[in-house]
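Read the structure below first, then the notes.
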Amino acid sequence: MGSTWAVDLADIGAVYPWQGLELIMVLAAVAVWIIWHIVQIKQENNDYADDIAQFGSKEAIKKALDDHPI
Amino acid sequence: MGDNLAALTTVFTEFYYWVTVVFMFLIHVGFCMYEVGASRRRNHLHTLMKNTMLIPLVTITFFFFGWWIYWAFPNGPWITGPLLTDAAAPNAPTSPTMGTNLGDRITGVFWAAFLLFSWTAASIVSGSVIERIRSGAFWIIAVMIGSVTWIIDAAWGWHAQGWMVKLLGYHDAYASGVIHAIAGGTALGVLVVLGPRLGRFKADGTARAFVPQNPWLVTVGLFLIYTGFWGFYAACNVPIISPEGIGGEITGSTWTATTIYLTPTTLGAITVNFLMSLSGGLLVGYLVSKGDPFWTYSGGLAGIITASAGNDLYHPIQAMFIGGIGTYLAYKLHYMVENRFKVDDAVGAVAVHGYAGVIGLIIAGFMLWGYPSSPYEGFATVNPLGQTIGAVIMFFVLGFVPAWIVSKILDGAGLLRVPKQVELMGLDFKTLHEEEAAREDVRRAEKALA
């Protein structure tokens, strides 16, 4: 893409920046996607472990059921 | 864009698909409301986030590889031909036509319309597994159906050159199978590994009723799903195309709307049939459930889903009866499977989408027996055997089996189901506990200022 819109639009195709670097952008995005799943699963495991450690006793669960009924 | 007529057609088509995308967004709003309404209070936030976050995950993965699969896999590959790498190249994530491109105004909106189908497929599964599946596990399954399995089935059976259309005469104009049967089969595959919610079944095997916590949210949610379904139907059509544009056996110069197979239909016809099949489903859903609101609304959905395979061609009265039949059978099958196999499908998704979708495909095989499946030469005509094989591929081969395998792997790694204690205390317990503590802190602070 040049620095002016004084063009015949019929001759214009892609106009986004960093043309030619699509593969690198896609690889970066795929890496973010996979890392997101890994971090999320670790967070979820830790959250459940914390929940059980803090509130996982029989008495605490019975109280939770009373506090937050069906 | 060539001459003015070509420019107008292109811009109309671009705008047409854009409108369908906005309408289809309401399906997702509806599913979120429905699921939250059907879940118990202590699981609301988890239920909401589980469904919401499938949006970005399916979107980015559909950009990475889902869209490419659709264009690369119509031949199987290697059933009727090779992998179509040339046809798929402009739809790869690295293609210049996938970015802002003044030379291509259609790929983006077409991609988005398909993406919204992907969300729907994943969201159907989401409702059935509420209140005990881990979010991380569900999101992996959502990517599987949203960006892999459903789009493979679309390449095979929902593409003008799909091998199922060519060899089997498969006809599924508004996705009884390619969205609903596969989503129902996927939900069932997950459910049999995941197991029922704690306390769902009594010691003698009979089911306890887990009553929807907020029936009004469920109701509005289902109304929104109906609304979004209009957009879904419109998105399944090519809005306007000339016989030369199709390039098949159609003669003359009459422009038309077509199905995804490029077989002619009209927006008027599918609008009437949508309403008549919705009505057939509602009428039967009300009677068979003895006026239960949940099943009456779900019956409306099941009615549309059953008739969808052939709603481009049916007479409205046929659409009404087919919708009613599908709803009746889906309702009966739901309770038969629940009682016999102890499958806890929290929202009846396997029945409403899976069984109704399968039934709709088979009925279409009989109703449309001998109809051309394609405007092109050499394609099999629509027939009951082809539709039945298609239903098995959708529900079982691409639906149940991959979901069962992935669920087994996740279960083996201890990542499928939330721990028992957390399920009992409620998936939102810690958040609710912290919120209550924050409220108490504010109350104390305000009292000190009084």
Side-chain angles (χ1 to χ4, degrees), chain A, chain B residues 1-2 7 39-44 46 53 56-57 59-61 63-65 92-104 134-140 143 147 199 208-211 213 410 413-415 417-434 436:
Chain A
M1 182 64 206
S3 58
T4 174
W5 283 113
V7 293
D8 181 348
L9 293 182
D11 299 330
I12 300 294
V15 292
Y16 53 84
W18 298 1
Q19 288 175 46
L21 297 178
E22 290 86 352
L23 181 60
I24 293 169
M25 289 193 283
V26 170
L27 290 174
V30 169
V32 168
W33 164 52
I34 292 169
I35 291 167
W36 189 92
H37 278 290
I38 294 167
V39 171
Q40 186 278 324
I41 286 170
K42 281 185 179 171
Q43 280 182 353
E44 192 170 18
N45 286 345
N46 290 339
D47 283 347
Y48 292 145
D50 282 353
D51 285 353
I52 293 168
Q54 284 186 55
F55 310 109
S57 70
K58 214 169 191 174
E59 296 69 32
I61 290 172
K62 283 181 177 172
K63 185 175 181 310
L65 286 168
D66 287 334
D67 290 346
H68 306 293
I70 292 168
Chain B
M1 284 195 284
S39 67
R40 289 165 290 178
R41 274 184 62 197
R42 61 178 190 259
N43 299 317
H44 277 178
H46 180 274
M53 289 308 293
L57 290 165
T59 299
I60 62 172
T61 52
F63 189 90
F64 297 156
F65 45 76
T94 51
S95 166
T97 50
M98 293 299 287
T100 307
N101 191 315
L102 302 184
D104 179 358
R134 285 179 184 239
S135 298
F138 172 74
W139 291 329
I140 289 169
V143 169
S147 294
R208 288 191 180 90
F210 278 29
V211 182
Q213 193 274 331
L410 289 167
L415 296 174
R417 186 161 181 146
V418 301
K420 180 183 171 188
Q421 298 98 316
V422 177
E423 184 177 339
L424 283 173
M425 74 176 76
L427 279 67
D428 300 340
F429 180 78
K430 194 175 176 186
T431 307
L432 296 172
H433 187 77
E434 287 167 356
E436 188 48 42

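A quick note: this is a predicted structure, and the numbers were derived from the prediction, not measured. What you see below is based on every heavy atom in this structure, not just the backbone, and it leaves out hydrogens, waters and symmetry mates.
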Original post:
Is chain A contacted by the side chain of B:His46, its backbone, both, or neither, given a heavy-atom distance below 4.5 Å?
Top reply: side chain
**OP:** Search all heavy atoms of A:Ala64 against all heavy atoms of B:Phe429 and return the closest pair with its distance.
**Re:** CB-CE1, 3.2 Å
Original post:
What are the two closest heavy atoms between A:Leu23 and B:Thr94, and how far apart are they?
Top reply: CA-CG2, 3.7 Å
**OP:** Spell out the residues in residues 38-46 of chain A that have some non-hydrogen atom less than 4.5 Å away from a non-hydrogen atom of chain B, in order of number; otherwise answer 'none'.
**Re:** A:Gln40, A:Ile41, A:Glu44, A:Asn45
Subject >> Interface residue of largest heavy-atom contact number with chain A, from B:Gly103, B:Ser135, B:Gly426, under 4.5 Å >> reply: B:Ser135
Original post:
For the atom pair CG (B:Leu57) and CH2 (A:Trp33), what is the distance rounded to the nearest 0.5 Å?
Top reply: 9.0 Å
**OP:** Only counting residues at least two apart or in another chain, list the ones meeting salt bridge (charged side-chain N to carboxylate O under 4.0 Å, His left out) with A:Glu22.
**Re:** none
Original post:
Does any non-hydrogen side-chain atom of B:Gln421 lie less than 4.5 Å from one of A:Ile61?
Top reply: yes
Original post:
Looking at CG of A:Asp47 and CG of B:Leu427, how far apart are the two atoms once the value is rounded to the nearest 0.5 Å?
Top reply: 11.0 Å
**OP:** First locate atom OG1 of B:Thr61, then atom CD1 of A:Ile34, and finally report the distance between them rounded to the nearest 0.5 Å.
**Re:** 11.0 Å
Original post:
Out of B:Val418, B:Asp104, B:Asp428, which one racks up the most heavy-atom pairs below 4.5 Å with chain A?
Top reply: B:Val418
Original post:
When rounded to the nearest 0.5 angstrom, what is the spacing between OH in A:Tyr48 and CZ in B:Arg417?
Top reply: 11.5 Å
Original post:
About how many Å separate CG of B:Leu102 and CG of A:Asp11, when rounded to the nearest 0.5 Å?
Top reply: 11.0 Å
**OP:** Sort B:Ile60 into side chain, backbone, both or neither according to what part of it lies under 4.5 angstrom from a heavy atom of chain A.
**Re:** side chain
**OP:** Using non-hydrogen atoms and a 4.5 Å limit, figure out which bit of B:Phe65 sits close to chain A: side chain, backbone, both or neither.
**Re:** side chain
Original post:
In terms of heavy-atom proximity below 4.5 Å to chain A, should B:Thr97 be classed as side chain, backbone, both, or neither?
Top reply: neither
Subject >> Closest approach of A:Asp51 to B:Met425 (non-hydrogen atoms, all atoms of both residues) >> reply: O-CE, 3.8 Å
